[in-house]
Structure formats: C-alpha cells, structure tokens
Amino acid sequence: MTQRQLFLQHIAKTSSSPIGLEIVKAKGIYQYDINGKAYIDLISGFSVANIGHSHLKVVEAVQKQAAEYMHLIVYGEFIEAPQVAYAKLLTDNLPATLNSVYFTNSGTEATEGAMKLAKRTTGRSKIICFNKSYHGSTQGALSLIGDEYWRNAFRPLLPDIYHYDYGSNEAVNAIDEATACVILETVQAESGVNRPAKEWLQVIRSKCTEHGALMILDEIQAGFGRTGTLWAFEQFDIVPDILLLGKALGGGMPLGAFIADKSLMNNLTYKPVLGHITTFGGHPVSCAAGKAALEVLLDDNYIKEVKKKEQMLLKYIQHPSIINIKTAGLWASLKFDSFDTNKKVIDSCIEKGLITDWFLFASECMRIAPPLIITEEELLKACTLLNEAIDEAL
C-alpha cells in the first residue's frame with residue numbers, strides 16, 4: 001500500500017479533506033514533497049517555524065540533548081538543565097512579574113493550566129473570553145472557543161464562561177468582583193489577524209487590576225517576533241498576569257508554557273499538592289530546541305526586519321479579487337468574497353508551490369505567516385507567485 005493509502009486508513013482525520021501533501025524534507029522556508037517539488041511555507045506550520053525548518057543550531061541542540069538524556073521523571077521533580085536554562089532565558093526577556101515558567105506539552109495545555117491557576121489564585125470561577133477566539137480544543141479550552149459551532153457538539157462544557165465581542169465595551173463592563181480572569185489573544189488569530197485598539201487592551205488591564213481578576217494574554221501565535229516585537233503585548237504598553245506560549249516556543253518541537261509571577265504560580269503547589277501535573281511537559285529535548293531557536297531570534301535581526309517585510313506584503317500582494325488585507329507584522333489575512341473563492345486560490349497556491357490555508361473563524365480569508373527568516377527576495381517571489389495563483393484560480 002502507498003503512504004497515502006496508509007494515511008487514509010490509519011491516521012485519525014481532523015477533516016474530510018486534508019491537504020494531503022507527502023513531505024519528506026523541510027529546510028529554511030521550504031518543504032519538499034516525495035517527488036522533489038519545493039514549496040514555500042507561507043504559514044510556518046501555523047506559526048511554529050518562525051526561524052524556518054531544521055535550523056542547524058536547533059538540530060544540533062536536539063541531537064546533543066537526545067544523546068545526554070530524554071525523559072527522566074514527571075515534570076518538576078528533577079533539576080533538568082534544559083528546562084532551567086530555557087526558563088531563565090525566557091524570563092530574562094520578559095517583564096519582572098513574569099518570572100516563573102510552567103512548561104507544558106502544547107499551547108492548549110498552557111491554557112488549561114492558566115485557567116486552573118486563575119481559579120486557584122482568586123477563588124472565583126467566572127471567566128470572560130471572546131467570540132472568534134481560539135485557545136485550544138481540549139474540554140476546558142473548548143469552553144472558551146469563540147464559536148458555538150465547535151462548542152455545541154461537546155456540551156456540557158465548563159460553566160461560568162462568558163463570551164463577548166473582541167474590542168467591545170460590553171466585555172470591559174462585565175469585569176467585576178466575581179471574575180477570575182479575562183483570557184484573550186493579544187492579536188486575535190483565527191478571526192483573521194484582528195488587532196485591537198491599544199486603549200481597549202489598556203482598559204481591560206486596568207479593570208482586571210481594579211477588581212482583582214487576572215489578565216491572561218494568549219501569544220501562542222502572536223509571540224516570538226511574529227508581530228514585529230518579541231512579544232506582541234510590548235506594543236500595547238501592558239503586562240499580563242499570565243502569558244500563554246506555544247507553537248514557536250519549541251523551535252519545531254512540541255512545547256507550551258504559561259508564565260506568571262512566582263507568588264501566583266506557588267498556588268499550584270499546595271491545597272492540593274501537585275495542583276497541576278504533567279508527565280512529558282517541558283521535555284528536555286523540546287526545551288533544548290526551543291532555547292536554541294529563541295537564541296537565534298535574539299541574536300539575529302529577523303524581528304527588526306518584520307515591519308519592513310509587512311510593508312512588502314501590503315505593497316506586492318495586489319489583486320482586484322482581494323477585498324482587504326489585514327496585517328500584524330509578518331502575519332496577514334487576505335479576504336475574498338467567500339470560502340469557495342478562497343479555497344480555489346489556496347489550491348492554486350499549492351499547485352504553484354506555496355503552502356497556505358484559511359482561518360478557523362474567517363474561512364473566506366487566506367493565512368499568510370511565512371518564517372521570519374524569509375529574505376526580501378524570497379518574499380517578493382512568494383508575492384508574485386501568489387498573485388499568479390489568484391489569476392489562475394479565478
């Protein structure tokens with residue numbers, strides 16, 4: 001049987017129409033299929049490969065750590081150097097109140113841990129979240145997901161969860177003495193790259209402080225330079241109580257984290273003891289990979305080049321079929337008149353050697369989020385191919 005047949009027979013499907021490319025190699029901004037065809041990865045594996053695929057320093061870090069040790073014991077019991085070193089590097093590059101890292105396996109699990117921490121810290125259960133938000137799809141995170149279409153099939157979910165429109169005054173007014181936390185994306189991803197007003201985020205921050213609620217910012221997609229600064233919240237002059245990270249955090253390996261002040265995080269260590277537990281969270285190989293990837297981001301000029309490349313997207317992606325383009329750094333949403341039109345263009349892009357996709361809550365919009373290492377010449381080539389793909393599709 002072919003790999004495709006085995007894939008269809010044995011791999012559980014998330015949809016009835018997976019992209020179905022058989023990739024055998026990935027390097028830099030490119031992925032290569034079984035026939036040797038090269039594809040420019042315009043979505044970075046959904047914002048995972050911010051420094052591209054198979055970066056030499058990340059590969060070396062993985063190989064070195066795998067040769068020393070892999071899994072030893074459940075998370076938090078042994079002093080494991082990769083975890084300690086990565087936590088130190090992260091907190092050195094965060095505000096002083098974000099100084100304690102709880103590593104998980106994924107961004108979704110970071111969401112779950114943060115929800116527990118907020119409830120444990122405040123003694124409250126009310127959680128405010130937002131329509132068209134995405135924080136994962138486990139039962140707790142699913143309770144937060146911003147669309148009833150995805151929630152309804154799995155009810156009953158967590159109680160005391162309240163959804164409001166992103167950017168609305170209603171959300172601000174809902175924050176009160178019963179609120180455990182407000183959880184939101186600094187830049188909303190799956191609604192099609194939705195950047196809020198700076199003043200609105202600052203008011204959310206103030207209301208949380210006023211009422212003793214925790215502000216949880218999800219930068220699982222927006223973090224690690226994607227929006228033009230290392231952390232997107234830097235652009236809004238606020239600091240969250242809890243920060244959620246994932247995707248690019250592991251440099252291509254599975255890793256998530258929620259980060260808070262040690263005074264808050266200590267609430268998970270008693271009543272009950274082991275208030276949050278994970279076997280493989282903070283896997284030493286993943287931490288070694290993530291640390292190497294972050295060092296590449298910090299040592300090179302990729303983040304400083306993001307704003308210029310953002311302007312290139314706006315300048316060179318030009319087609320009358322595009323209704324509008326929204327950007328937040330090297331991250332764009334191209335809106336067409338329907339999902340059917342968008343899907344035709346996405347399929348045409350794949351034929352032209354461009355990997356892209358749509359957004360969960362904006363199916364008429366195409367996702368553009370190439371690795372930050374993409375050169376100006378490569379970005380211009382990608383924009384040219386994209387325009388050609390639209391012409392051929394429509």
Side-chain angles (χ1 to χ4, degrees), residues 19 21 26 28-31 38-53 132 134 185-195 219-228 232 247-248 302-303 305-339 341-394:
I19 296 173
L21 292 176
I29 69 165
Y30 293 97
Q31 296 186 28
Y39 299 82
I40 297 175
D41 186 353
L42 280 186
I43 55 175
S44 304
F46 290 93
S47 299
V48 169
N50 278 16
I51 63 163
H53 298 277
K132 297 186 178 180
Y134 182 77
E185 297 155 278
T186 314
V187 176
Q188 205 173 44
E190 297 304 322
S191 65
V193 188
N194 189 12
R195 182 185 172 92
E219 295 213 2
I220 292 168
Q221 290 194 52
F224 294 93
R226 177 57 57 187
T227 66
K247 296 196 182 293
Y302 300 126
I303 296 177
E305 296 169 354
V306 163
K307 290 298 182 182
K308 182 177 182 180
K309 292 172 183 176
E310 177 182 17
Q311 293 306 309
M312 288 184 65
L313 289 178
L314 293 167
K315 179 179 180 180
Y316 293 112
I317 298 177
Q318 298 285 340
H319 198 279
S321 297
I322 300 174
I323 295 171
N324 65 45
I325 301 178
K326 291 192 293 184
T327 61
L330 197 48
W331 193 13
S333 167
L334 280 55
K335 184 177 182 180
F336 295 97
D337 62 9
S338 67
F339 170 72
T341 297
N342 190 28
K343 185 64 166 61
K344 288 177 184 177
V345 175
I346 289 168
D347 292 343
S348 180
C349 283
I350 290 174
E351 288 295 319
K352 301 286 288 185
L354 300 173
I355 296 174
T356 184
D357 208 352
W358 44 280
F359 291 92
L360 196 61
F361 306 120
S363 62
E364 74 282 8
C365 297
M366 177 187 290
R367 182 191 307 265
I368 303 293
L372 305 186
I373 66 168
I374 193 169
T375 65
E376 292 181 22
E377 292 76 17
E378 290 168 334
L379 189 57
L380 178 58
K381 175 184 176 182
C383 292
T384 301
L385 288 173
L386 175 56
N387 290 327
E388 292 174 359
I390 299 173
D391 278 333
E392 293 181 14
L394 307 180

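Here the structure is a predicted model, which is why all the values come from computation and not from measurement.
- To the nearest 0.5 Å, atoms CD (Gln318) and SG (Cys383) are separated by 9.5 Å.
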Listed pairs under 3.5 Å, donor-acceptor, residues 349-361 side chains, sequence neighbours left out:
from   : atom 1 : to     : atom 2 : distance (Å)
Lys352 : NZ     : Glu388 : OE1    : 3.1
Lys352 : NZ     : Glu392 : OE2    : 3.2
Thr356 : OG1    : Arg367 : O      : 2.4

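- Counting heavy atoms from C-beta outward, Gln31 and His53 have side chains that approach closer than 4.5 Å.
- In this view, Lys381 satisfies the side-chain hydrogen bond (donor to acceptor under 3.5 Å, both in side chains) rule with no residue, not counting sequence neighbours.
- Of the inter-residue distances, the one linking Leu334 atom CG with Ile346 atom CD1 reads 10.0 Å to the nearest 0.5 angstrom.
- Taking the side chain as every heavy atom from C-beta outward, Glu310 and Lys307 approach each other to under 4.5 Å.
- The environment of Lys326 atom NZ is dense: over 12 non-hydrogen atoms of other residues, nucleotides or ligands sit within 6.0 angstrom.
- Evaluation of the ring-ring contact (aromatic ring centres under 6.0 Å, His included) test over residues 310-336, restricted to residues two or more places apart or in two chains, returns none.
- Scanning for side-chain hydrogen bond (donor to acceptor under 3.5 Å, both in side chains) contacts around Tyr39 gives Asp33, with sequence neighbours left out.
- Partners of Ser47 according to the side-chain hydrogen bond (donor to acceptor under 3.5 Å, both in side chains) rule, which considers only residues two or more places apart in sequence or in another chain, do not exist here.
- When all heavy atoms are compared, the tightest approach of Glu190 to Glu185 is N-OE2, 4.3 Å.
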Check the pair Leu313, Ile325 against side chain to side chain contact (heavy atoms under 4.5 Å, CB included), reporting the backbone distance first and the verdict last. CA-CA 9 Å; Leu313 289 178; Ile325 301 178; over 6 Å; no

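- Between Asn50 and the choices Ile303, Leu372, Leu330, Ile373, the side-chain contact (heavy atoms from CB on, under 4.5 Å) rule is met once, by Leu372.
- Listed by chain and residue number, Lys308 satisfy the side-chain hydrogen bond (donor to acceptor under 3.5 Å, both in side chains) test with Glu376 (two or more places apart in sequence, or in another chain).
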